[in-house]
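Have a look at the structure that comes next, please.
If you're wondering where the values come from, they're calculated on a predicted model, not measured in any experiment. Quick note on labels: first sequence line is chain A, next is B, and so on, each numbered from 1.
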Amino acid sequence: MEVSLKTRLGPIELSHPVINASGTFDVLSADLVLEEDLFDRFPFSAYVPKTVTLKPRRGNPPPRLYETAAGLLNSIGLANAGIDAFIREDLPRLAQLPVPVIASVAGESTDEYGACAGLMEGRPEVAAVELNVSCPNLELGGRALGLDPERTHRTVALAREATSKFLIVKLTPNVTDIVEIASAAVDAGADALSLINTVHGMALDRYHLKPVLGHLSGGLSGPAIKPVALRAVFLVSRAFASLPIIGMGGVTDGQDALEFLAAGAAAVAVGTASFRDPLAAAGIANELRKLMQERGIGSVAELSGLAQR
Amino acid sequence: MEVSLKTRLGPIELSHPVINASGTFDVLSADLVLEEDLFDRFPFSAYVPKTVTLKPRRGNPPPRLYETAAGLLNSIGLANAGIDAFIREDLPRLAQLPVPVIASVAGESTDEYGACAGLMEGRPEVAAVELNVSCPNLELGGRALGLDPERTHRTVALAREATSKFLIVKLTPNVTDIVEIASAAVDAGADALSLINTVHGMALDRYHLKPVLGHLSGGLSGPAIKPVALRAVFLVSRAFASLPIIGMGGVTDGQDALEFLAAGAAAVAVGTASFRDPLAAAGIANELRKLMQERGIGSVAELSGLAQR
Amino acid sequence: MDAGLIPANLYECPVVESRQVGAYRQVSFVAPEIAALAQPGQFMMVRLAGKSLDPLLPRPMGVHDVDSDLVKMIIDPVGKGSVALAGAAVGDRLSVLGPLGCGFDLEGAGPAVLVAGGMGAAPLTMLARALAARGREVACILGFKTRSQAMVSELYRDVHVEVVTEDGSAGRCGLACDLLPGLVEKRRGRELPEIFACGPAEMLAEVARMARKHGARAQVSVAAHMACGIGSCQGCAVSRSGGYVKACTDGPVFDAEDLQWR
Amino acid sequence: MDAGLIPANLYECPVVESRQVGAYRQVSFVAPEIAALAQPGQFMMVRLAGKSLDPLLPRPMGVHDVDSDLVKMIIDPVGKGSVALAGAAVGDRLSVLGPLGCGFDLEGAGPAVLVAGGMGAAPLTMLARALAARGREVACILGFKTRSQAMVSELYRDVHVEVVTEDGSAGRCGLACDLLPGLVEKRRGRELPEIFACGPAEMLAEVARMARKHGARAQVSVAAHMACGIGSCQGCAVSRSGGYVKACTDGPVFDAEDLQWR
Ligand SMILES: Cc1cc2nc3c(=O)[nH]c(=O)nc-3n(C[C@H](O)[C@H](O)[C@H](O)COP(=O)(O)OP(=O)(O)OC[C@H]3O[C@@H](n4cnc5c(N)ncnc54)[C@H](O)[C@@H]3O)c2cc1C
Ligand SMILES: Cc1cc2nc3c(=O)[nH]c(=O)nc-3n(C[C@H](O)[C@H](O)[C@H](O)COP(=O)(O)OP(=O)(O)OC[C@H]3O[C@@H](n4cnc5c(N)ncnc54)[C@H](O)[C@@H]3O)c2cc1C
Ligand SMILES: Cc1cc2nc3c(=O)[nH]c(=O)nc-3n(C[C@H](O)[C@H](O)[C@H](O)COP(=O)(O)O)c2cc1C
Ligand SMILES: Cc1cc2nc3c(=O)[nH]c(=O)nc-3n(C[C@H](O)[C@H](O)[C@H](O)COP(=O)(O)O)c2cc1C
Ligand code: FES
Ligand code: FES
């Protein structure tokens, strides 16, 4: 049986549904290290660079990583060289990729989100903008903007004004009601949602019994959070039937991708699994095709939202 | 080195810090099945029966369980025979246990919480009452009362009026700010907190790609959620230094118990791990003693909150 | 707290044999106490011993057979837990709690018809032998999807079995239940047979329907997702009129007429 | 998307030997490409091949030695990842990405002093040999907590090593750095030795301090928690004045004077 893996995020056509999760695959670095011409053979159907902010950020003090049961805690703290360096140094090289580039931006204030989105406006290399409103340690008191429906609305509205690009908003699961936050983002003009960013968590050093991360607490990713992510995708996609959703959180094999799509996603993103195997995404897309074949599902459109029907 | 495992929850003295998590160990059933006289040799230092409600509840349709990566999703739905049956049939037998009994109660409305707590008042067999304000599928729209600070306050205040017993309130992690909810519970008169109940999650049947649980979504427990639980214990114990906390969420071995105590708990509860080995708690307490010995920590008081200092 | 508190019926058991039986895996391990006690239809909670959290929980596995000190189970590797157990190699150790649950009631007198679907054939071997030992006439119908599954029927050594496959690749073509009316009809006017069944939910529902129609008693072993196996978690709910019962302690074998069938 | 897209430097490698060396475990596996390319101080990202999610991620492991097609690593089983790797049995397969990172710069000329603490001794064996092969005078100081760790010094076959233990149970009693000033002082007026170090953070800080004091160059291999090993995650941050660098791609070997020491 012929299976088409093609999918779309609004106007953006993707050759298959597997993209990367922001902050987990640095193609410019990986291309130097992996003995594989990544620009020729790219495993993801779109590329999302690490989130950039208006000003450069050093990021949080180490240790920044700790493995937990089937999960990974991180507290990178949006370390990045700033949006100017991104535009000047990275974008020209990323434009050579054979897939669309989705720029991920964040601000240390609501205004900065608008400014960052605006700076992407004139860039033909950028196919879409992803607003990361879900990273902790930004703004006052270290609370992500995306924890609050009003602030989410304000932030997304500002970015919406600043850009005509396809606008994706990436939400945090660390809220009482993710559908309420999703609703605020959609009301304010989001074209699509990415679900989910990491889950708040903490680990102690087994010897010293102090928080192991330099930043004390961090974000949990990987298979451990897959049930949380699947639920978010399912609930939000049920509430906003025609909204494109990029599902992520623990996608590790083709079966996971299949399930996220069935829950209502139009595409899935692979994060932590790329640390097990940097090109895991290629295998995931292949397995997905096989599983769709076995089940007689001919297209992503047919699959997407199956769990809802 | 001599290590004392003794700890206390307010006026209740415990011979060691390992109790069971409500709904995960049914001593009356286990005593029949396990070839071990549980009433003589009881692995937990206190016994928390499954949550009971004013009226009997059938619980949710099966399937009610699904294993995820290092976690377990359940949607039991507070199946129980009702508080009258509990008082009449179970309590007299539980009174024979060699440890204090902590009755876990929930209501389908705020008032019912008060009523349930009141029904425990005259019972000398009951050492403390745990208010489970964190189970989904109760009250209007299936939202747990404990998702909202005002409703938490109202519920706890009603129960506080109804009983002079040591009052423990069990919180859900599925909120934007658990310290805010904890604060509401403490303000309303909680003597102690249990942290955490399960994390919202969902799984799809791998073949049919429909939600696998009869109730669609459920609660995630086990090692997968340990980072979420540790963070909750750490944050709440930092905010309320002298408040006794029962820490739970993925406690599987002595090291886990050590970490929860260091994060600020006065006792830990074992849930999902009892499904790997029904008397796992005994091993956990032994391992805890050994680890404290190795580190030269003489008492639980010395250990509790170490991560904060 | 007590130093070495482990339930007397929780054992760490070395695997001594693992072999493929068509589509299934037969794993044998040393468990003298379970071998001595296990009754047809009882089960065990089994996982690989050790600290690995993947898989996290034990899985319920029927006792397929016992042979002096050995206990045998037959595994259909369909998901994470069963694949892990099927991969247990000789020398690996299993953590086994059991025997658990209520097995089949053997007290009846007349002829017995055993109906199994797929993996359901595993736990019925012991039953067939136990019924025959009590002098009861035993007929077995084993239904499978295909030939590779049907190879498990070879394990019914001394018992005559009728094999049915959905694709006709072994035995007759069809479903196990297709043969049931014939066997019951055959005895019209004589003593009604008692039916014993284990298999997928749809098959059990059909067995229950047929038994009711003919006025025969049917004992069915139901499958349920289980976490604890000892009545602690309430996870293994099975519908009975008016509420749920627990498959692990009230079952897994039930009188078909006591359950609620859709 | 491409059918068989796997990085050319990701290998599945069968384990051919696993043996205890005192407190540590030495594991050897077949990886001809890594054996051919690995430079002293480089590392690999290693996990047990397969789908198990416990542990979830590979761990960075230094290349201890190569022997024709074989690569050897020495593992200190301290936590989940290292215990799992130390448990790899002959025949098990490892997923190995490497060689990775910037190893030691061997281009210097004068004498070399190698200082290792604990597990830090593992990656320096190759370095000692490589420096000697370049005709440089090599002195090694290996510091350990205790005798069982110190047994790893036997793996420095052709190289003379000075062993120090904290409890005096093998070699001299003390810390590795205690011997460093003597070795540097000894050469007062002659060519200053270049220092190469690998070990715990406190030891490296002390090495950096001494090198600065004596005006000697020190190359240090730093430890950091790593998820990707290829510069993707920013998890392996190491403090340098003005910001952080990545241990995995900018290191793990750094000039001590380029880093920020507390
Ligand atoms: C009393 C009792 C006795 C049992 N005895 C045996 C036995 O002797 N041998 C044996 O192999 N199993 C037996 N089982 C079933 C076994 O316990 C597991 O449930 C089964 O192996 C699946 O678990 P898993 O971990 O492999 O799959 P999981 O990863 O837990 O996934 C199981 C889930 O996948 C789905 N699924 C899996 N396979 C299929 C399928 N073929 N068709 C449709 N959906 C499917 C189901 O929805 C199920 O929820 C018994 C169960 C019970 C309750
Ligand atoms: C470039 C590089 C090369 C390396 N080479 C080797 C090598 O050749 N051999 C080797 O064994 N390891 C090596 N390591 C370390 C290794 O990668 C792991 O970090 C180490 O094995 C611990 O991981 P784990 O999974 O066992 O422990 P985890 O479960 O990840 O726990 C590790 C955590 O436990 C704490 N911890 C563990 N042990 C101790 C201890 N003894 N004292 C204090 N705290 C402790 C630490 O806080 C650490 O965060 C190297 C690391 C790097 C960066
Ligand atoms: C090391 C690390 C760094 C991350 N950095 C970012 C980031 O910069 N921006 C962002 O939106 N999400 C970031 N994330 C979150 C991921 O994009 C993703 O939402 C999350 O990890 C869940 O997916 P996974 O389970 O597949 O990893 C990061 C995650 C990890 C593990
Ligand atoms: C099967 C099951 C049933 C549960 N029932 C209850 C309950 O009745 N009342 C309650 O307060 N918590 C209940 N819980 C939550 C546990 O008490 C505990 O808070 C949670 O499982 C986290 O601990 P664990 O990771 O050790 O399991 C239940 C959990 C499980 C897995
Ligand atoms: S499996 Fe836990 S009650 Fe039956
Ligand atoms: S380990 Fe990921 S960037 Fe260094």
Side-chain angles (χ1 to χ4, degrees), chain A residues 5 15-16 18 23-30 32-36 38 40-45 50 56 58-72 74-77 79-80 206-207 212 214 222-224 252-253 272-279 281-283 285-286 289, chain D residues 1-12 33 37 45 47-59 78-81 84 95 97-102 201 222-240 242-250 262:
Chain A
L5 287 191
S15 62
H16 63 83
V18 186
T24 62
F25 191 80
D26 181 336
V27 66
L28 299 177
S29 175
L32 296 176
V33 177
L34 302 180
E35 283 166 24
E36 181 66 62
L38 286 180
D40 263 11
R41 314 210 302 162
F42 194 68
F44 305 103
S45 64
K50 170 135 192 103
R58 298 185 49 174
N60 289 325
R64 293 176 173 180
L65 297 170
Y66 195 77
E67 183 173 323
T68 64
L72 172 66
N74 90 76
S75 62
I76 310 298
N80 79 96
R206 112 182 62 228
Y207 293 86
V212 69
T252 304
D253 60 20
T272 302
S274 295
F275 304 150
R276 280 167 69 90
D277 165 0
L279 304 185
N286 279 329
R289 181 195 299 279
Chain D
M1 180 192 52
D2 197 300
L5 199 57
I6 40 170
N9 40 353
L10 180 64
Y11 308 100
E12 207 172 291
E33 299 86 348
L37 289 172
M45 294 298 285
R47 63 178 176 93
L48 292 166
K51 293 204 122 197
S52 174
L53 301 176
D54 183 28
L56 182 65
L57 300 181
R59 294 293 186 275
V78 294
K80 184 153 71 169
S95 160
L97 181 70
L100 299 171
C102 305
V222 302
H225 296 210
M226 293 185 179
C228 73
I230 61 168
S232 271
C233 73
Q234 310 243 33
C236 59
V238 173
S239 284
R240 192 172 57 181
Y244 293 110
V245 285
K246 296 179 194 169
C248 67
T249 49
D250 299 322
R262 267 159 310 169

Next item on the list: Name the region of D:Lys51, side chain, backbone, both or neither, that has any atom closer than 4.5 Å to a heavy atom of chain A.
Entry: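 For D:Lys51, the contact with chain A is made by backbone and side chain together.
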Note to self: Donor-acceptor check, side chain of D:Ser239 to backbone of D:Tyr244, threshold 3.5 angstrom: yes or no?
What the structure shows: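 Such a contact is absent between D:Ser239 side chain and D:Tyr244 backbone.
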Notebook entry, point to check: D:Val78, D:Leu100, D:Thr249: which one forms the most heavy-atom pairs within less than 4.5 Å of chain A?
Noted result: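 Max contact count across the listed options: D:Val78.
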Notebook entry, point to check: Does any heavy atom of chain A fall under 4.5 Å from the side chain of D:Ala224, the backbone, both, or neither of them?
Noted result: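 Neither; nothing under 4.5 Å.
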Next item on the list: Please tell me if the side chains of A:Thr272 and A:Asn74 come closer than 4.5 Å, counting only heavy atoms from C-beta onward.
Entry: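 They are not in contact (no side-chain heavy atoms under 4.5 Å apart), so the answer is no.
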Notebook entry, point to check: Less than 4.5 Å apart, any side-chain heavy atom of A:Asp277 and any of D:Leu97?
Noted result: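 No, too far: nothing below the 4.5 Å cut-off.
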Note to self: Between A:Arg206 and chain D, with a heavy-atom cut-off of 4.5 Å, which part of the residue counts as in contact: side chain, backbone, both or neither?
What the structure shows: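 When you check distances to chain D, only side chain atoms of A:Arg206 fall under 4.5 Å.
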Check: Okay, side chain of A:His16, backbone of A:Pro43: is any donor-acceptor separation there less than 3.5 Å?
Finding: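 Side chain of A:His16 to backbone of A:Pro43, a donor-acceptor pair under 3.5 Å: yes, one is there.
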Notebook entry, point to check: Under a 4.5 Å heavy-atom cutoff, which of A:Leu72, A:Asn80, A:Val33 has the most pairs with chain D?
Noted result: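 Of the candidates given, the most pairs with chain D belong to A:Val33.
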Note to self: Does any backbone or side-chain atom of A:Pro56 lie under 4.5 Å from a heavy atom of chain D? Answer side chain, backbone, both or neither.
What the structure shows: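 A:Pro56 has no heavy atom closer than 4.5 Å to chain D.
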Notebook entry, point to check: Distance-only, no hydrogens or angles: does the A:Arg64 side chain make a donor-acceptor pair with backbone N or O of D:Gln234 under 3.5 Å?
Noted result: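 Checked: pair present.
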Check: Side chain, backbone, both or neither: which part of D:Met45 has an atom under 4.5 Å from a heavy atom of chain A?
Finding: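 D:Met45 has no heavy atom closer than 4.5 Å to chain A.
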Check: Taking all atoms of both residues into account, what is the closest heavy-atom pair of D:Gly50 and A:Arg276, and its distance?
Finding: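 Answer, listing the atom of D:Gly50 first, then A:Arg276: O-NH2, 3.2 Å.
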Notebook entry, point to check: Which answer fits A:Thr68, side chain, backbone, both or neither, if we ask what part of it has an atom under 4.5 Å from a heavy atom of chain D?
Noted result: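 It is the backbone, since no side chain atom gets that close.
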Margin query: Under a 4.5 Å cutoff for heavy-atom pairs, which residue among D:Val238, D:Asp54, D:Leu56 has the most contacts with chain A?
Written below: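 The option with the most such pairs is D:Leu56.
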Check: Which region of A:Thr24, side chain (C-beta onward) or backbone (N, CA, C, O), has a non-hydrogen atom less than 4.5 Å from a non-hydrogen atom of chain D, or is it both or neither?
Finding: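 Backbone only.
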Next item on the list: Go through the atoms of D:Leu57 and report whether side chain, backbone, both or neither lie under 4.5 Å from a heavy atom of chain A.
Entry: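 For D:Leu57, heavy atoms of backbone and side chain both lie under 4.5 Å from chain A.
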Next item on the list: Evaluate side-chain contact (heavy atoms from CB on, under 4.5 Å) for A:Lys50 paired with A:Ile76, printing each intermediate quantity in order.
Entry: CA-CA 11 Å; A:Lys50 170 135 192 103; A:Ile76 310 298; 3.9 Å; yes
Next item on the list: May I ask you to decide if the ring planes of A:Phe44 and A:Phe25 are parallel, tilted or perpendicular, using 30° and 60° as cut-offs?
Entry: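 If you compare the ring of A:Phe44 with that of A:Phe25, the planes turn out perpendicular.
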